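Chain letters run A, B, ... following the sequence lines, proteins first, then strands; residues in each count from 1. In this text the structure is predicted, and so the values were computed from the model without any measurement.
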Amino acid sequence: MIDVAQLKAHAKGLLEKGTVRTVFGYRKSTAGLLAEPAGITEAAQADDLIFDPSCVQNLALYLVNDKKHQAEKRSDDKRPVAVVAKGCDSRAITVLLQENHFSRESVHVIGVSCEGTGVVDARKLARKLGNKKALAVAFDGADAFAVTTNEGTQSIAAAEVMAERCLECRSAHPTLSDVVFGEAKAERGLHTPFQAVKAKIKESEEDRWAYWSRQFDRCLRCYACRSVCPMCYCDECVVDSISFVIAPDTTAEEKANRIKWIERSPAKSESAMYHMVRAIHLAGRCIDCAECERVCPVNIPLRLLNTRLEMEAFETFQYNPGSDPELPTLTSSFRDTDPNSFIR
Amino acid sequence: MTKRTGVFVCHCGNNIAATVDVVRVAEELGREEGVVYSKDYVYMCSDPGQSTMAKAIKENKLDGVVVSCCSPTLHEKTFRDVTEEGGGLNSFRCEIANIREQCAWVHSDKPKATEKALKITKAAVKRVQHNQSLTPIGVPVTRKVLVIGGGIAGIQASLDLANAGFEVILVEKNPTVGGHMIQLSETFPTLDCSQCILSPKMVEISKHKNIKLLTQAEVKEISGFVGNFKAKIHQKAVYVDPETCKICDDCAKVCPTVVSNEYDVGLTSRRAIFIPFAQAIPATYTLDESACLGLNPVVCGKCAEVCEAGAINYDMRPKVITEEIGAIIVATGFDLYGKENLGEYGMGRYADVLDGLQFERLCSASGPTGGHVLRPSDHKEPKNVVFIQCAGSRDPETHCAYCSKICCMYTAKHATLYKHHVPDGQAYVFYIDIRSGGKGYEEFVQRSMERDEVMYLRGRVSKVYEKSGKMIVLGVDTISGKNVEIEADMVVLALAMQPSQGTADAAKTLKIGRDKDGFLAEAHPKLRPVESVTGGIFLAGAAQAPKDIPETVCQASAAASKVIQLLSKDELMHSPTVAKVRLSHCTGCEMCVQACPYGAIDLGAPSNKARVNDVLCEGCGTCQAVCLRAAIDVKNVAQVQIHDMINACLGV
């Protein structure tokens with residue numbers, strides 16, 4: 001079982017010595033069950049850090065945002081930043097390293113074991129509890145969560161309220177870390193990988209078209225999915241015409257030739273294109289943290305779209321995003337063992 | 001700024017006009033935004049067509065030109081030259097709309113084809129309206145040529161180039177040059193001795209001051225581009241100094257290891273230290289590392305002990321040689337189709353079932369039997385010999401679909417030679433049909449039938465089996481319609497030719513294409529038969545397709561003349577349609593660096609963003625496709641152009 005006191009002590013030590021600039025971790029939220037991301041810079045704040053099944057967010061995002069802030073501030077503080085990373089978060093960091101988004105030295109990865117149970121799905125838990133309101137959730141052995149409600153603490157089988165992606169998780173322990181707290185647990189193997197998407201693609205084309213038409217029709221184009229995704233770090237988004245980067249060296253011709261591939265209006269066709277383009281841009285990069293799906297205000301099942309391409313990458317090219325920072329990225333590399341003979 | 005685009009629609013005689021309403025295309029394009037001139041003409045590439053274009057560009061002050069015609073591989077250069085030289089407009093302001101190969105030739109419904117031609121042309125107009133004027137990039141050339149493969153093709157090409165004054169590096173995988181030709185006894189249709197005509201050329205190779213011969217060597221890596229390649233060549237350690245070796249054979253006499261002799265296709269054996277054959281070039285013994293007991297005086301060391309010249313040195317190490325060259329000729333040759341594939345003909349099961357090359361060795365005066373045709377099993381003279389043509393060729397279901405081209409002729413030659421050696425013997429040939437196109441070829445086959453009484457049976461052999469100590473060939477004669485059973489003393493299979501393993505490896509190292517059968521792909525089957533699709537890499541010999549010696553020599557000389565053409569210029573012009581990085585958008589993720597097939601991109605100062613080497617870039621656009629941030633564009637194929645072209649096709 002992970003000892004949070006050790007985690008706190010480690011973070012405190014880093015900040016006291018000043019070896020890192022910031023520690024990104026989780027703390028108890030003031031609003032609801034789920035933990036909130038915290039960027040702490042003072043050793044005293046380390047006592048606020050927690051790690052339990054409510055720590056669902058992918059903190060790799062804050063490394064990306066931090067880089068932007070540092071650039072905006074023109075800060076010359078080159079010290080690394082520390083980040084608490086579950087297995088999935090560490091894969092995201094690996095992908096960012098593959099893409100040279102930052103160097104290995106600039107990040108101190110504090111790996112944490114999400115035990116045998118992964119993290120909780122707040123919606124599933126609320127459904128399970130009915131009228132009771134969950135106040136806290138803790139790891140409880142290899143296959144249960146201890147959930148505290150206003151009526152006391154009860155043990156709930158993890159498989160019933162675990163996040164969908166944790167059920168399908170193929171590598172729960174951090175693959176990349178400078179230090180790890182908690183033990184590596186055997187893979188849960190609760191669901192076979194890509195189970196949800198495999199079930200979906202069995203449906204007829206007409207049914208799937210109807211399904212996705214309905215989903216995309218509901219999209220508000222709030223871009224929450226894009227904002228929460230650590231891989232969506234482009235300054236200019238190809239599907240969003242107001243994100244055009246105008247730099248000092250942007251020529252008049254470039255300004256005149258800006259292209260609007262997709263309209264901003266949340267019409268079904270435009271939203272469909274937006275999500276498709278995003279999914280394709282994530283091929284070989286999505287590490288299935290499912291944050292896009294979690295933050296969607298209208299509950300579009302975005303995980304299905306992204307895992308569809310990850311399934312293709314895995315089954316056709318045996319490519320596992322985030323497994324090795326030295327590996328070239330999926331779409332830019334070619335191997336002699338490519339299944340297509342025309343390309344060999 | 002308003003554009004002044006001109007559109008020129010070609011009828012291509014009836015090639016386009018029969019399927020596309022070219023008059024309507026010209027009329028409708030005249031009404032497009034920015035188009036100030038639009039005209040159709042029967043042959044735009046003809047002299048009057050070109051004059052019309054040049055005049056129109058000047059008179060209408062055009063700033064962009066679209067020619068709706070055939071594929072850009074045919075006439076892009078023609079029309080760009082007209083644009084620049086005749087019209088005084090930068091040649092990169094001319095674009096081709098391919099309405100022949102991509103429209104007229106592949107459709108039959110005229111109204112629909114016309115719609116498509118309109119879309120293709122409108123898209124090209126949108127593209128050209130964003131085109132920039134560009135200037136070709138001049139690149140100096142290295143006047144040195146790499147020839148890969150030391151068979152007759154490589155030898156001929158090397159000699160032609162060396163005689164024209166170019167330095168040549170000839171790389172051969174085996175211990176000697178000569179290839180398959182040096183294994184042959186006589187050559188059709190004149191029956192002149194193969195060794196007699198080839199060995200003078202081999203000697204010339206070794207003596208020529210412009211040729212550097214590297215045997216037991218393989219090209220492991222090629223980088224660079226036309227005019228400026230860099231080759232990394234690995235040369236095995238040979239353990240014998242060719243300069244000091246006196247070819248006395250003392251070493252081979254004491255060598256305790258015996259292995260199968262490649263030169264005699266396994267009919268004889270050789271020692272671990274050996275010379276492939278007396279006329280081998282370089283004229284030296286060589287030590288086969290894989291067969292030697294251990295290159296260690298403690299283990300054996302007998303050869304070094306007896307060598308009076310002191311030519312043997314166990315401390316030699318493999319070498320890596322780096323060469324800068326301007327052009328490459330690939331002449332990696334063929335292998336025979338694997339025997340193991342033809343179990344039905346008893347190959348590998350019966351000692352007296354031979355392949356064509358083995359039979360050549362039996363006929364050759366330098367061969368295992370001293371030029372007497374004797375059975376390998378009991379050294380008796382065979383009285384009935386069955387030759388089976390198309391063994392593995394022309395059999396799309398189980399073997400190779402293609403015709404190996406030379407087997408009809410060499411089988412006739414084998415049968416003739418056999419009759420010369422064994423006048424009282426009988427030769428049978430099973431054939432599908434006889435392909436004897438070539439000077440003196442048909443006469444040669446006829447002579448083998450009439451004078452040497454070779455029995456030609458039209459049909460296939462179903463199997464070869466053994467019955468009471470005799471080999472029985474069971475086949476069918478489709479002319480009489482009867483099954484035939486022949487008691488054979490020897491069976492010779494005319495095995496299919498297939499691209500050699502070296503050809504497959506070279507294709508991979510050089511990144512040049514292969515066709516469906518694995519032969520090297522030429523740039524154009526008719527008009528560019530000795531060029532690969534990659535600039536500066538040329539093809540010669542059986543690596544490109546099955547061919548006989550005269551044809552191989554022709555192709556080798558042709559490839560050499562292409563290289564001479566290329567390297568006689570001071571400077572090569574490189575296309576300026578290369579990738580360009582938008583630094584404001586590049587994050588330095590390195591995907592383009594990894595994806596670039598030409599190694600043209602790296603990350604560079606000041607901020608570790610992508611940087612394109614204009615000379616290495618071929619403008620293929622792979623980087624453009626992998627970049628998630630649209631931070632890299634190929635000049636004149638920029639995103640905005642693709643966007644506008646899609647819109648033009650969609651009609652929005």
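Counted within 6.0 Å of CD on B/Q132, heavy atoms from surrounding residues, nucleotides or ligands total more than 12; the atom is thus considered enclosed. Few gaps surround NZ on B/K635; more than 12 heavy atoms of other groups in view lie less than 6.0 Å from it. For A/Q318, the CD atom is densely surrounded, since the number of other residues' heavy atoms within 6.0 Å is greater than 12. More than 12 non-hydrogen atoms from other residues, nucleotides or ligands lie less than 6.0 angstrom from NZ of A/K68. The neighbour count for A/M311 CE, taken as heavy atoms of other residues, nucleotides or ligands under 6.0 Å away, is above 12.
Only the side chain of B/H585 comes within contact range of chain A, judged by heavy atoms closer than 4.5 Å. Using a 4.5 Å cut-off between heavy atoms, B/R514 makes no contact with chain A at all. Contacts between A/R258 and chain B at a heavy-atom distance below 4.5 Å are absent for every atom of the residue. Both the backbone and the side chain of A/N257 have a heavy atom closer than 4.5 Å to some heavy atom of chain B. A/H281 touches chain B through backbone and side chain together, each having a heavy atom under 4.5 Å away. With a 4.5 angstrom heavy-atom cutoff, A/T329 touches chain B via backbone and side-chain atoms both.
The most heavy-atom pairs under 4.5 Å with chain A, out of B/Q639, B/E590, B/K516, come from B/Q639. For the options B/A595, B/A507, B/A625, B/C589, heavy-atom pairs under 4.5 Å to chain A are most numerous at B/C589. Note: A/E99 leads A/R285, A/K260, A/E99 in heavy-atom pairs under 4.5 Å with chain B. Among A/P248, A/A247, A/C234, the residue with the largest count of heavy-atom pairs under 4.5 Å with chain B is A/C234. Comparing B/C592, B/G513, B/G588 by heavy-atom pairs within less than 4.5 Å of chain A, the highest count is held by B/G588.
Expressed to the nearest 0.5 Å, how far OG1 of B/T587 lies from CG of A/D235 amounts to 9.0 Å. Distance check, rounded to the nearest 0.5 Å: CD of B/Q594 to CD of A/Q98 gives 8.0 Å. Between A/E254 atom CD and B/D633 atom CG the span is 9.0 Å, to the nearest 0.5 Å. One finds the CD1 atom of A/I259 at 6.0 Å from the NE2 atom of B/H643 (value rounded to the nearest 0.5 Å). Summarising the geometry, atom CD1 belonging to B/I646 is positioned 4.5 Å from atom CH2 belonging to A/W261; distances are rounded to the nearest 0.5 Å.
Minimum interatomic distance between B/L603 and A/N100 (heavy atoms only, all atoms of both residues): CD1-ND2, 3.5 Å.
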As a quick check of understanding, evaluate side chain to side chain contact (heavy atoms under 4.5 Å, CB included) for B/R629 and A/E236, giving each step before the final call.
CA-CA 7 Å; B/R629 288 159 260 284; A/E236 177 177 311; over 6 Å; no
One pair to check against side chain to side chain contact (heavy atoms under 4.5 Å, CB included): A/M231 and B/L628. What are the steps and the verdict?
CA-CA 11 Å; A/M231 302 311 154; B/L628 295 171; over 6 Å; no
